[in-house]
Asks: 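Handing you a structure now.
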4 protein chains.
Amino acid sequence: MNRRTGKESKESILEAAIKVFSEKGYSQTTVREVAKEAGISVGGVYIYFKNKEDLYATLLNYLLKDFSDRTKETVKDMSGPADALYAVIAMNLKYARRYKGIIIAEGRDRGFKSCLDVKKRFFKKQRRLIEDIIKTGTASGKFKECNVKTAARVIIGILRGFVFSLLIDSTALYSAEDCSNIILNGLLRRKE
Amino acid sequence: MNRRTGKESKESILEAAIKVFSEKGYSQTTVREVAKEAGISVGGVYIYFKNKEDLYATLLNYLLKDFSDRTKETVKDMSGPADALYAVIAMNLKYARRYKGIIIAEGRDRGFKSCLDVKKRFFKKQRRLIEDIIKTGTASGKFKECNVKTAARVIIGILRGFVFSLLIDSTALYSAEDCSNIILNGLLRRKE
Amino acid sequence: MNRRTGKESKESILEAAIKVFSEKGYSQTTVREVAKEAGISVGGVYIYFKNKEDLYATLLNYLLKDFSDRTKETVKDMSGPADALYAVIAMNLKYARRYKGIIIAEGRDRGFKSCLDVKKRFFKKQRRLIEDIIKTGTASGKFKECNVKTAARVIIGILRGFVFSLLIDSTALYSAEDCSNIILNGLLRRKE
Amino acid sequence: MNRRTGKESKESILEAAIKVFSEKGYSQTTVREVAKEAGISVGGVYIYFKNKEDLYATLLNYLLKDFSDRTKETVKDMSGPADALYAVIAMNLKYARRYKGIIIAEGRDRGFKSCLDVKKRFFKKQRRLIEDIIKTGTASGKFKECNVKTAARVIIGILRGFVFSLLIDSTALYSAEDCSNIILNGLLRRKE
DNA sequence: TATGAATGAGGCTTCATTCAT
DNA sequence: CATGAATGAAGCCTCATTCAT
């Protein structure tokens with residue numbers, strides 16, 4: 001009957017949940033559906049997760065942590081702040097495409113405390129990462145002087161927009177180049 | 001029992017729906033709740049709207065149209081493309097704050113065809129508006145040369161991000177100045 | 001569809017609940033069953049009762065109040081304290097037979113606060129009633145001197161025993177005469 | 001992993017079951033809980049007991065037999081019928097306090113045949129015990145003449161009441177003295 | 001038009017029981 | 001003997017929708 005270890009089962013449920021939640025969002029996803037996708041019974045899900053909310057929060061935590069780590073890793077290898085920012089944007093777009101529906105979407109409307117905490121921690125990390133990039137940029141003279149905190153917040157907002165745009169319009173194909181180009185150069189003509 | 005006219009009833013339902021959907025999102029809102037808020041019976045709602053989806057789509061249409069019109073109006077009065085863009089951003093932030101939960105949120109996960117159409121039309125209008133601003137900008141030499149379509153799409157994405165940021169973090173206080181500043185000038189230092 | 005007024009529906013649900021709970025106890029009774037017995041849908045039950053516990057507590061309250069009132073009424077008509085006590089015993093036995101399973105049984109194991117309150121109030125009333133009977137008895141010289149409070153508590157316990165005995169053994173046919181005989185006269189031979 | 005013998009395991013399950021069932025009653029007790037309390041796996045329980053009902057019936061049998069034996073033992077040492085009855089009452093109160101929830105409670109509503117048999121046998125024994133006491137009492141002239149069977153049944157009912165009163169109201173502190181006093185002497189004033 | 005009681009499908013969750021290891 | 005993951009039936013409850021009045 002149980003051909004898997006507990007850990008394997010938990011992971012396969014988590015994977016299934018990522019898939020289903022990604023496609024349908026929180027409220028449209030049934031536990032039964034996740035169970036089926038994971039190849040386990042309904043009751044089986046409740047061995048590993050206290051309830052639907054717990055499953056969602058765990059998944060969110062897992063995903064955001066993974067995303068956070070990878071982004072940090074990628075940024076580390078970049079030579080300059082512009083490249084770093086580009087990398088962050090690219091990373092965001094890539095994940096958005098992959099985990100359509102989860103990264104930002106829903107969970108919000110439930111106001112699950114467990115989710116809010118997870119998200120808050122994540123956004124804080126991201127903000128720090130971007131603040132660092134901006135600081136490095138201004139320190140090296142590549143970026144102009146600006147209020148680092150404000151700029152970072154705005155960038156975060158912009159990133160969210162790219163991500164969310166992908167979510168609501170799957171045909172939208174934002175390129176990281178185009179996005180970073182505007183963020184870096186702005187629209188205004190530079191005085192020569 | 002002072003009866004309302006049909007139109008009045010429909011409108012009060014719509015208003016109630018805007019309020020409740022804004023606060024709780026689609027799936028967490030019950031028809032009963034909307035009815036109560038509108039001071040009408042449950043059955044009453046179904047006289048004016050085919051079903052919950054219809055109510056939502058109607059509301060969305062109403063709201064987005066209103067938003068679209070006002071934005072266009074506001075932009076018309078602006079002297080330059082930078083001011084116009086600023087106005088659009090300010091408009092987005094203002095509406096986001098007011099109709100928390102509706103403008104972007106949910107409805108998405110349902111993939112209601114009726115909503116998709118409404119949204120598609122709306123985003124098209126917005127894109128055109130922004131494309132026009134950019135065109136005017138480049139034509140007048142204030143904006144640098146760029147792929148108008150691409151730039152507009154990116155701007156739209158950015159706007160969404162600002163809006164969405166407000167939705168998920170009610171403490172976030174994006175100022176239109178900060179936002180437009182980055183979009184217009186970018187982060188990179190201008191060569192002097 | 002709805003041939004009944006709200007009040008009628010609520011009452012028929014209550015009646016059905018009394019019947020089913022009486023027969024099967026709390027945990028073995030399903031809401032569906034009560035609904036069916038009441039000739040209403042499952043959802044219909046939830047129009048009138050917040051949940052299963054509420055239904056049970058309401059029913060308990062209704063039944064105990066009814067019992068309390070009738071007992072008081074009956075006692076009022078009795079000429080002496082011995083007759084009064086007899087009447088109380090008879091009343092208890094009669095109700096026990098009719099509402100097998102409810103009066104005392106279950107609900108207890110759930111520890112529903114709502115039920116506890118209802119019961120506490122009921123037992124207090126009954127205790128007072130019996131205390132009064134005993135007081136009258138001793139005052140008139142028919143009952144011997146005793147600690148009224150203690151005696152009343154013991155009598156209450158005894159009553160519970162008769163009731164409960166009926167519940168667990170439907171073949172047991174306690175007669176009010178036999179019961180009151182022992183309570184009044186005791187087992188010991190009277191010294192002559 | 002120091003393994004227990006089968007007998008030890010079975011006993012520890014039974015003890016655990018007594019504890020948990022006593023506290024929560026039948027339907028509110030889960031097999032998992034009993035297993036945990038016994039320090040054994042869920043499956044382990046099913047090695048020694050066919051199912052939950054079997055566990056309950058076994059426990060009931062064990063408990064009632066133990067109770068029966070001890071009562072008989074205690075009664076044997078008593079000098080007179082009044083003392084004997086007092087001892088029986090004290091015994092009942094003591095056990096009721098200890099095995100709150102089991103002796104009488106639940107199981108009833110399930111109507112488990114296995115439990116009914118166990119109980120029937122128990123009550124028969126108790127009735128005989130009490131009948132004997134009464135017989136001895138009347139034979140010795142200490143108790144007045146009465147229908148032994150009827151009196152015994154009434155006494156049994158009364159005992160149940162004391163027990164049950166303790167179960168539903170843990171603050172109730174019935175003293176065996178008070179209880180036996182009424183049973184022996186009754187409420188009516190003795191003619192002198 | 002308006003009401004609101006009624007419906008019933010369907011979601012979440014629990015738990016006695018089984019069985020591969 | 002023992003384990004504990006897995007099963008799946010069944011219970012409680014919600015809520016969009018209908019319809020007799």
Side-chain angles (χ1 to χ4, degrees), chain A residues 1-10 27-35 39-53 55, chain B residues 1 3-6 8-10 27-36 39-55, chain C residues 1-10 27-35 39-53 55, chain D residues 1 3-6 8-10 27-36 39-55:
Chain A
M1 199 173 288
N2 50 328
R3 304 235 168 283
R4 294 176 289 198
T5 66
K7 211 180 163 210
E8 281 170 345
S9 289
K10 184 163 188 177
S27 58
Q28 286 306 96
T29 296
T30 67
V31 173
R32 183 173 304 282
E33 211 170 351
V34 173
I40 204 175
S41 65
V42 196
V45 173
Y46 287 85
I47 297 172
Y48 302 102
F49 301 93
K50 225 176 55 207
N51 50 34
K52 195 182 171 187
E53 175 184 344
L55 174 57
Chain B
M1 268 290 183
R3 284 282 174 75
R4 290 174 289 204
T5 66
E8 280 169 346
S9 288
K10 184 162 186 176
S27 60
Q28 289 302 97
T29 296
T30 66
V31 174
R32 182 164 258 87
E33 213 171 350
V34 172
K36 196 178 176 186
I40 204 175
S41 67
V42 198
V45 174
Y46 285 85
I47 294 171
Y48 299 101
F49 301 93
K50 220 176 60 202
N51 50 32
K52 195 181 171 187
E53 175 184 343
D54 181 32
L55 173 58
Chain C
M1 197 174 289
N2 49 328
R3 305 234 169 281
R4 294 176 289 199
T5 67
K7 210 180 166 210
E8 281 169 345
S9 290
K10 184 163 187 177
S27 59
Q28 286 305 98
T29 296
T30 68
V31 174
R32 183 173 305 283
E33 211 171 351
V34 173
I40 205 176
S41 65
V42 195
V45 173
Y46 287 87
I47 296 171
Y48 302 100
F49 302 92
K50 225 177 56 207
N51 49 34
K52 194 182 171 187
E53 175 184 345
L55 174 57
Chain D
M1 269 292 183
R3 286 281 174 78
R4 290 175 289 201
T5 67
E8 280 170 346
S9 287
K10 185 162 186 176
S27 61
Q28 288 304 96
T29 295
T30 67
V31 174
R32 182 165 258 86
E33 212 170 350
V34 173
K36 196 177 176 187
I40 204 176
S41 66
V42 198
V45 174
Y46 284 84
I47 295 170
Y48 300 102
F49 301 93
K50 220 176 61 204
N51 50 33
K52 194 182 172 187
E53 176 184 344
D54 181 32
L55 173 59

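Order of the sequence lines fixes the chain letters, A, B, ..., with proteins taken first and strands second; residue numbering starts at 1 for each chain.
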Asks: For F:dT3, take OP1 and OP2 only and decide whether either is under 4.0 Å from a side-chain N or O of D:S41.
Replies: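 Answer is yes, contact under 4.0 Å.
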
Asks: D:E53 CD to E:dC15 C1': how many Å, rounded?
Replies: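 After rounding, the reported distance stands at 16 Å.
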
Asks: Can a side chain N or O of D:S9 be found less than 4.0 Å away from OP1 or OP2 on F:dA2?
Replies: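 Yes, because at least one side-chain N or O of D:S9 sits under 4.0 Å from OP1 or OP2 of F:dA2.
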
Asks: Can you tabulate the close N/O pairs, meaning under 3.5 Å, that link protein atoms to atoms of nucleotides 10-12 of chain F?
Replies:
| from | atom 1 | to | atom 2 | distance (Å) |
| --- | --- | --- | --- | --- |
| F:dC12 | OP1 | C:T29 | O | 3.4 |
| F:dC12 | OP1 | C:K52 | NZ | 2.9 |
| F:dC12 | OP2 | C:V31 | N | 3.1 |

Asks: Give me the atom names and distance for the closest heavy-atom approach of C:I40 to C:Y48.
Replies: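 Answer, listing the atom of C:I40 first, then C:Y48: CD1-CE1, 4.4 Å.
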
Asks: Starting at CD of D:E33 and ending at P of F:dG4, how long is that distance when rounded to a whole Å?
Replies: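 Those two atoms, CD and P, are 17 Å apart.
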
Asks: Rounded to the Å, how far apart are D:L55 CG and E:dT17 P?
Replies: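 Checked: the CG to P distance equals 10 Å.
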
Asks: What residue among B:V34, B:V45, B:V31 forms side-chain contact (heavy atoms from CB on, under 4.5 Å) with B:K52?
Replies: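 When side-chain contact (heavy atoms from CB on, under 4.5 Å) is applied between B:K52 and each of B:V34, B:V45, B:V31, only B:V31 qualifies.
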
Asks: Taking all heavy atoms of C:S27 and all of D:S27, pick out the closest pair and write down the distance.
Replies: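 In this case the closest contact between C:S27 and D:S27 is OG-OG, 3.1 Å.
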
Asks: How many Å lie between CD on D:Q28 and C1' on E:dC15, as a whole number?
Replies: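 That distance rounds to 12 Å.
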
Asks: Which residue, D:G44 or C:V42, contacts DNA chain F at a nucleotide closer to its 5' end, judged by nearest heavy atom?
Replies: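 Whichever sits nearer the 5' end wins; that is D:G44.
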
Asks: Between atom NZ in B:K36 and atom P in E:dG4, what is the gap in whole Å?
Replies: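 The distance from NZ of B:K36 to P of E:dG4 comes to 12 Å, rounded to the nearest Å.
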
Asks: Hey, which sits more toward the 5' end of DNA chain F by its nearest nucleotide, A:V45 or C:K50?
Replies: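 Closer to the 5' end of DNA chain F: A:V45.
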
Asks: Under 4.0 angstrom, heavy atoms only, what part of the nucleic acid is C:F49 near: base, sugar-phosphate, or nothing?
Replies: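 Answer is nothing: C:F49 stays at 4.0 Å or more from every strand.
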
Asks: Just how far, in rounded Å, is C1' of E:dG4 from CD of C:E8?
Replies: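 These atoms are roughly 15 Å apart.
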
Asks: Can you measure C:I47 atom CD1 to F:dT18 atom P for me and round it to whole angstrom units?
Replies: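 In whole Å, F:dT18 P lies 16 Å from C:I47 CD1.
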
Asks: To check you understand the geometry: which heavy-atom pair defines the closest contact between A:Q28 and A:E33, and what is its length?
Replies: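 Of all heavy-atom pairs spanning A:Q28 and A:E33, the closest is O-OE1, 4.1 Å.
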
Asks: Could you grab the distance from atom OG of D:S41 to atom NZ of D:K36, nearest 0.5 Å is fine?
Replies: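 Here the interatomic distance stands at 14.0 Å.
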
Asks: If E:dA5 has a Watson-Crick or G-U wobble mate with both distances under 3.5 Å, name it; if not, just say none.
Replies: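 Here E:dA5 is engaged in a pair, and the nucleotide opposite it is F:dT18.
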
Asks: Does NZ or CZ of B:K10 fall inside the cone over B:F49's six-membered ring, less than 6.0 Å from its centre and within 45° of the axis?
Replies: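 So B:K10 does make the cation-pi contact.
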
